[in-house]
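One structure is given below, encoded as structure tokens.
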Amino acid sequence: MQHALSDLNLEQRAAVLHGDGPILVLAGAGSGKTRVITHRIARLIDDGASPRELLAVTFTNKAAGEMRERLIQLVGDRAWEMWIGTFHSTCARLLRQHAEHAGLSRDFTIFDDDDQKRVVTQLLKELNVSDRITPRGVLARIDRAKNAGEDLTRLPARDYVDDVARRVYPLYTARLARENAVDFNDLLLKVLRLLELPGLGESLSRRFSHVLVDEFQDTNRVQYRLVRHLARGTSNLCVVGDDDQSIYSWRGAEPRNLLEFDRDFPSARVIKLERNYRSSGHVLAAANAVIAKNPCRHDKALWTDRDAGEPILLEECHDERAEAEFVASAIQGLRAVENRTHGDMAILYRTHAQSRVLEESLRAARIPYRIIGGVSFFQRREVKDITEYLRLIVNPHADTAFERIVNVPTRGIGDTTLDRIRGHAVTGGLSLLEAARSCAAGAASALGPQARRKVESFVELMDSLRATVSSRARVSEILAQVIERTGYAERLEIEDKIDGPERLRNLHELVAAAAACDDEAGPEATPAGFLERVALVASADDKDGRQGDAVTLMTIHAAKGLEFSVVFLAGLEEGVFPALRGDGDLDHELQEERRLAYVAITRARDRLVFSHARTRRTYDEIRRNEPSRFIFDVPKECLAVRARPAARRPDLADRRHERRSMDDVDQTPAFEEPIYILDDEGEDPVFPPGARVRHKIFGIGQVQEGSGRGPDRKLTIQFPGHGKKTIVARFVEKV
DNA sequence: GTCGTCCCGGGTTCC
DNA sequence: CCGGGACGAC
């Protein structure tokens, strides 16, 4: 076999070689699922499948790019013919081919969150609803219904927000239709509708000989239905996923798509990949122990034949600053003692808000780092402004774009003028740009001579820019002209002394991105094509990515699919991680947090460092935080704490009102002294006497006394109505 | 039209 | 605490 099957274990090989018919690959973290998918595709191609009839769906563009890269190594240039992409990019491509069947013209544009929000904000204003209703809240309802593939207007309204959402929704839909635009969910829904059409649907479902879906636990209902339809012609469907890594249920993912796959496809072959190649024994044991607490899992047990490795280092810190300083010093220690590079290391946290203090310490310690996440390049104000110009130039009906840029940079077209243009648009049934043109020509007498001239020159500007599009200029050229001729660049130079240079750089980058897109697409390059890329390819991290040897900082969510030799998991505190906001089903929330912990832990190859702070400042409020329950889930033989003199760890109560000084900072380098296993001294902090706990049968009770530590600790608990019981700690949970 | 001030909200995030 | 959006004053 040409693709080194000998490198694969028996299960992996079985998945790769599985012939026709549905297959479900339950791949644990670090079990080599990417290898399985790529090898399977390579195998299909070698067996004669036409690459252009193969569809592989991933969840991020990054994953798609990596898959393509690996495939090129396996099958060479044939990989380019394959359909590899996200659900959204795949659907956008299909939708463009059949736009007329979906009531769109071929050059439709895609609304991102920002566009959606602006539309809804405006509609809320028009509807005059209470200002307690936020566009975000309304959009959440709209998106939730769309994710589930349900018609919002037919769902029962459970509260006032639902009620508003139901009124907004038809207007929102009409607005998008008028602008020849779709939102992200529409991309999927409209293709789903195409697939349900009698003739076209059938031919589309025969288009692909094989469909493969990665991260299947992340699919929502609509995506699941899409997959079923696309694979209907052949039932050659291969889905790969891990229910334990389902961390996106809050955005509509339904892990039961994975869990119940074999119910919908009874003939499916199920293959489990349980051997982990990534992590050390201790790391894997910790991950297994945490996730074992979740009920309703696909039964699987990850194992490794790697050594136990180093125990997980656990550090208790005074506050979040001390934690950040500890992390920085540990990074330096690991570099010195274990020859780790900065690039080997990642710091993971539950929320972005935690990154700032970490950044400060890293900067103070002169440790290079990069942060993944935050505002993406294409969402930045200046970039968005210019791309909205492009959208309006291409599509005169793009009212949302018109509203955004008509006075950016300011050109004397204020609210009054704009209101008159809007009014004229409504009465004449015109788009805003058409209405502006009409006003400039003197149609609406309401405009004063000054305003009229200003509107006129804006319309002329748009016309002349539009002429560059008709002359088939490159997209990068059009953008460059927009930046120049609208006076946008000039205004930045003059007025924004602080952020101006940075923003100008971003605009140059935008032009460069367009140029790259032009080169890639060749004569096919169109503004619509570029706008699609802007909407679908969030390449914010491309720019900052990989440059030099730097520590990576990111949220756990962003870390999924990645691995590092050393992983720091910071902020392991109740209320931080698990976060548990409690606005939904607490049980489900906790289970998802546990999966998140599982994902975080399994990112580590060799070394894992846990840290938590006893007090943490959030929103200018200092709070005491208990250590995360996840710490206590980890078997204690996997954990190590740094031995420190007791004097160094003063009780918080003694110094609550004292200012922090350098004395508080532990100056000991983290790795220049031996590490001791957690000792048995002191009270277990999780279930101290007096703690309130819940038992499945006896309900809520209070701990009277206890012996031992961790999950095996024996507790004497007083339950009202049941009396005193002796119960092992693992059977109760903290209230 | 622009600037200052007040008020509110503040998870995770891809497309 | 911090930023963004809304609103009032020039």
Side-chain angles (χ1 to χ4, degrees), chain A residues 57-64 85-93 110-118 121 125 131-132 134-137 140 143 146-147 182-189 214-215 218-220 222-223 246-253 320 348-357 372-376 378-379 381 407-418 450-451 454 495 532-541 554-561 571 575-584 589 592-593 595-597 599-600 616-622:
Chain A
V57 185
T58 59
F59 268 78
T60 63
N61 285 296
K62 199 169 162 233
T86 60
F87 273 104
H88 292 84
S89 67
T90 304
C91 286
R93 202 168 151 190
I110 300 162
F111 271 23
D112 63 18
D113 308 341
D114 196 58
D115 302 314
Q116 285 183 297
K117 206 177 134 211
R118 266 156 45 222
T121 305
K125 229 177 255 169
D131 56 0
R132 293 208 333 277
T134 62
R136 264 184 72 123
D143 279 338
K146 281 187 161 184
N147 278 330
V182 294
D183 64 23
F184 287 125
N185 283 320
D186 287 336
L187 282 174
L188 310 186
L189 284 166
D214 194 11
E215 307 281 16
D218 287 340
T219 51
N220 64 29
V222 171
Q223 289 163 335
S246 163
I247 55 175
Y248 286 112
S249 67
W250 50 272
R251 70 172 197 216
E320 78 280 358
L348 307 185
Y349 36 77
R350 179 66 179 80
T351 66
H352 284 301
Q354 292 167 251
S355 69
R356 224 167 83 178
V357 63
I372 308 288
V375 187
S376 100
F378 291 110
Q379 309 249 355
R381 194 174 67 206
N407 203 30
V408 177
T410 51
R411 45 171 76 88
I413 303 176
D415 278 342
T416 329
T417 311
L418 201 47
Q450 228 181 336
K454 282 173 174 162
E495 284 173 12
E532 174 177 319
R533 184 177 286 227
V534 168
L536 293 182
V537 184
S539 63
D541 39 30
M554 61 187 148
T555 62
I556 301 166
H557 282 93
K560 195 167 84 156
V576 177
F577 187 32
L580 298 183
R581 281 234 287 199
D583 48 2
E589 275 180 37
E592 182 134 325
E593 296 289 309
R595 291 191 291 265
L596 202 48
V599 168
R616 183 174 294 271
R617 192 187 201 102
T618 30
Y619 307 142
D620 202 31
E621 185 185 39
I622 296 174

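We name chains A, B, ... by the order of the sequence lines, and we start the count at 1 in each one.
Nucleotide dT12(B) holds its C1' atom 4 Å from the NE2 atom of H557(A), rounded to whole Å. Between Q116(A) atom CD and dC14(B) atom P there is a gap of 16 Å when expressed in whole angstrom units. Between the NZ atom of K560(A) and the P atom of dC15(B) there is a distance of 12 Å, given to the nearest Å. When rounded to the nearest whole Å, the span between CD of Q379(A) and C1' of dC15(B) equals 11 Å. Rounded to whole angstrom, the span from the CG atom of D415(A) across to the C1' atom of dG1(B) amounts to 9 Å. Here dT12(B) presents its C1' atom at 14 Å from CE of M554(A), a figure rounded to the nearest Å. For the pair F184(A) CZ and dC14(B) P, the computed distance is 11 Å after rounding to whole Å. Atoms CZ (F378(A)) and P (dC15(B)) sit 12 Å apart, rounded to a whole Å.
Contact annotation for R136(A): no contact, since no heavy-atom pair falls under 4.0 Å across all strands. At a threshold of 4.0 angstrom between heavy atoms, the contacts of R617(A) with the nucleic acid are absent. Among the atoms of the strands shown, none is found under 4.0 Å from any heavy atom of F87(A). Counting non-hydrogen atoms under 4.0 angstrom, Y619(A) reaches a base of the nucleic acid. Residue contacts shown for I622(A) are absent, as no nucleic acid heavy atom lies under 4.0 Å away.
Between T416(A) and T555(A), the residue whose closest nucleotide on DNA chain B is further toward the 5' end is T416(A). Position along DNA chain B of the nearest nucleotide to I247(A) versus T417(A) favours T417(A) as the more 5'-ward residue.
The base of dG11(B) lies close enough to the side chain of E593(A) for a donor and an acceptor atom to sit less than 3.5 Å apart. A donor-acceptor contact under 3.5 Å is not formed by the side chain of N185(A) with the base of dC15(B).
In this structure, the nucleotide among dT13(B), dC15(B), dG1(B) sitting nearest to the side chain of T410(A) is dG1(B). Closest to the D113(A) side chain, of the nucleotides dT13(B), dC15(B), dT12(B), is dC15(B). You'll find that the side chain of T351(A) is closest to dG11(B), out of dT13(B), dG11(B), dC15(B).
With sequence neighbours left out, the side chain to side chain donor-acceptor pair (under 3.5 Å) criterion links D415(A) to no other residue. A search for side chain to side chain donor-acceptor pair (under 3.5 Å) contacts involving R411(A) returns Y389(A), not counting sequence neighbours.
Phosphate proximity of dG10(B) to H352(A): absent, as no side-chain N or O sits under 4.0 Å from OP1 or OP2.
R251(A) places none of its side-chain heavy atoms less than 4.5 Å from the side chain of D218(A). Contact annotation: the side chain of Q354(A) never approaches that of F577(A) to less than 4.5 Å [non-hydrogen atoms, C-beta and beyond].
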Give the intermediate values and the outcome of side-chain contact (heavy atoms from CB on, under 4.5 Å) for residues K146(A) and D183(A). CA-CA 10 Å; K146(A) 281 187 161 184; D183(A) 64 23; 2.7 Å; yes
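A stacking contact links W250(A) to dT12(B): the aromatic ring centre lies within less than 5.5 Å of the base's six-membered ring centre, and the planes differ by less than 30°.
The two atoms that bring R617(A) and E320(A) nearest to each other are N-OE1, 3.1 Å, heavy atoms only.
Put simply, the side chain of H88(A) never gets that close to the backbone of L187(A): no donor and acceptor are under 3.5 Å apart.
Taking the 5' to 3' direction, DNA chain C first and last meets chain A under 4.0 angstrom from a heavy atom at dC1(C) to dC2(C).
Note: F87(A) and F59(A) have perpendicular aromatic rings, judged against thresholds of 30 and 60 degrees for the angle between ring planes.
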